[in-house]
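In what follows, residues are counted from 1 in the order of the sequence shown.
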Amino acid sequence: MKNRFCIKRCSQVLRWLVSVNRVTLLGLFAGAAVGMFLIEMVMYLLHTGYTPSNYLNHIRGFMVFGLAALVLTCVSCAFTNFTQIGSKQQRTNFLMLPASDLEKFLAVVLLVTFVYLTVGILGSVVGDSLRMGVMAAWNQLHPLAGVSYIPDGDGIQYTYWWSSALPKVLAHLNPDIPINGDYLIYGEGNSSKMVQVCSLGYTVVRYALFVAFLAWVHSLFTLGGTQLRRYAFVVSGLVFLLAVWLYTQGMTAFGLDLYNRTPYYAINKDGFSYLEHDVHTLEPMAYVTLILLVLLTCFNYWASLQTFKHFELITNKWTNYDILKR
């Protein structure tokens with residue numbers, strides 16, 4: 001097999017993986033749909049004091065957390081029976097596919113990252129839609145008290161018990177990064193807001209740090225899932241928590257920070273000062289952290305690929321790659 005990367009071969013391997021994992025994907029879809037519906041209904045029944053807006057906010061938090069946990073769990077189980085390439089026969093079939101190591105590795109990563117995530121999202125949407133239908137029908141038989149409304153420009157945004165949680169989920173996925181001239185909203189509505197002042201470079205670096213952090217987390221769990229056959233998610237999670245704790249402790253001990261927000265006060269005509277806007281700037285540690293995340297991410301993916309290249313048909317029960325044999 002030629003070492004030159006070919007997108008067509010990679011896509012063919014991905015289609016093969018999807019076909020052999022169709023039962024797992026259907027189970028994931030059904031589990032996400034039923035699980036989402038049941039959890040939403042239980043949340044409503046146990047917390048009747050919620051307003052519709054608070055209720056959907058809790059659903060939003062659970063859905064975002066659940067999808068993130070799903071991706072990390074699938075990534076850490078990428079090279080096990082979870083993706084039908086864990087046993088000797090399954091691994092033989094997979095390794096004999098007419099594709100390079102990079103193409104096979106990338107196909108597996110795409111499967112557990114995007115395909116499984118897409119199926120999980122679709123299942124959650126179906127579960128949320130089922131909840132909306134049940135609660136709308138319930139309202140016809142037994143009216144559900146309570147409605148939330150939020151000022152939205154010149155109009156009012158209403159939220160009912162049978163409203164969809166997806167708009168709140170999509171809004172929550174956008175990171176809270178200031179953009180020059182935008183307003184930082186305090187609380188719901190437009191009653192309290194402060195204009196943000198920052199450079200284009202500040203916004204770009206903040207978004208780059210956000211993406212780099214997500215990529216590093218993904219690469220860390222990918223490395224754990226490639227190396228370990230058992231407890232990969234637990235080990236990767238512990239390493240992640242340890243790394244974050246050491247980083248935050250170091251930042252605190254040396255008095256470092258990534259960003260700086262300086263309030264700018266102006267004087268009105270009566271001689272009183274008032275907070276006019278916030279000025280956002282970057283600290284040097286932001287650039288150091290960005291470079292460190294990029295380097296660690298590249299190393300994790302490279303180490304994962306190197307481990308995959310040395311996969312064996314017969315391995316011990318704990319790891320996919322026995323470093324002591326090299």
Would you please name every residue forming a side chain to side chain contact (heavy atoms under 4.5 Å, CB included) with [X], sequence neighbours left out?
X      : answer
Leu296 : Trp216, Leu292
Arg22  : Ser19
Phe299 : Trp302, Ala303
Leu295 : Ile291

Going by side chain to side chain donor-acceptor pair (under 3.5 Å), name the residues that satisfy it together with [X], two or more places apart in sequence or in a different chain.
X      : value
Thr297 : none
Tyr287 : none
Asp257 : none

Practice task
Would you kindly say whether Glu103 and Ser100 are connected by a side-chain donor-acceptor distance under 3.5 Å?
Solution key: yes

Problem - Under 3.5 Å side-chain donor-acceptor pair for Thr24 and Tyr116 - result: no

Completion exercise
Those residues at least two apart in sequence (or on a different chain) that pass ring-ring contact (aromatic ring centres under 6.0 Å, His included) with Phe29 are none

Practice task
With the side chain counted from C-beta on, respond yes when Leu56 and Arg60 share a heavy-atom pair under 4.5 Å apart, and no when they do not.
Solution key: no

Completion exercise
Rounded to the nearest 0.5 Å, the CE atom of Met96 sits from the NZ atom of Lys104 at a distance of 8.0 Å

Exercise for the section: Rounded to the nearest 0.5 Å, what's the gap from CG on Leu282 to OG1 on Thr203? Could you check? Expected result: 9.0 Å

When clusters are formed from ILVMFWY side-chain contacts under 4.5 Å, directly or step by step, what else is grouped with [X]?
X      : result
Tyr301 : none
Trp245 : Leu242, Leu246
Leu223 : none

Handout entry: Selection residues 122-132 - residue pairs positive for salt bridge (charged side-chain N to carboxylate O under 4.0 Å, His left out), sequence neighbours left out
Key = Glu40-Arg131, Asp128-Arg131

Problem - Within 6.0 Å of CZ in Phe114, more than 12 heavy atoms from elsewhere - result: no

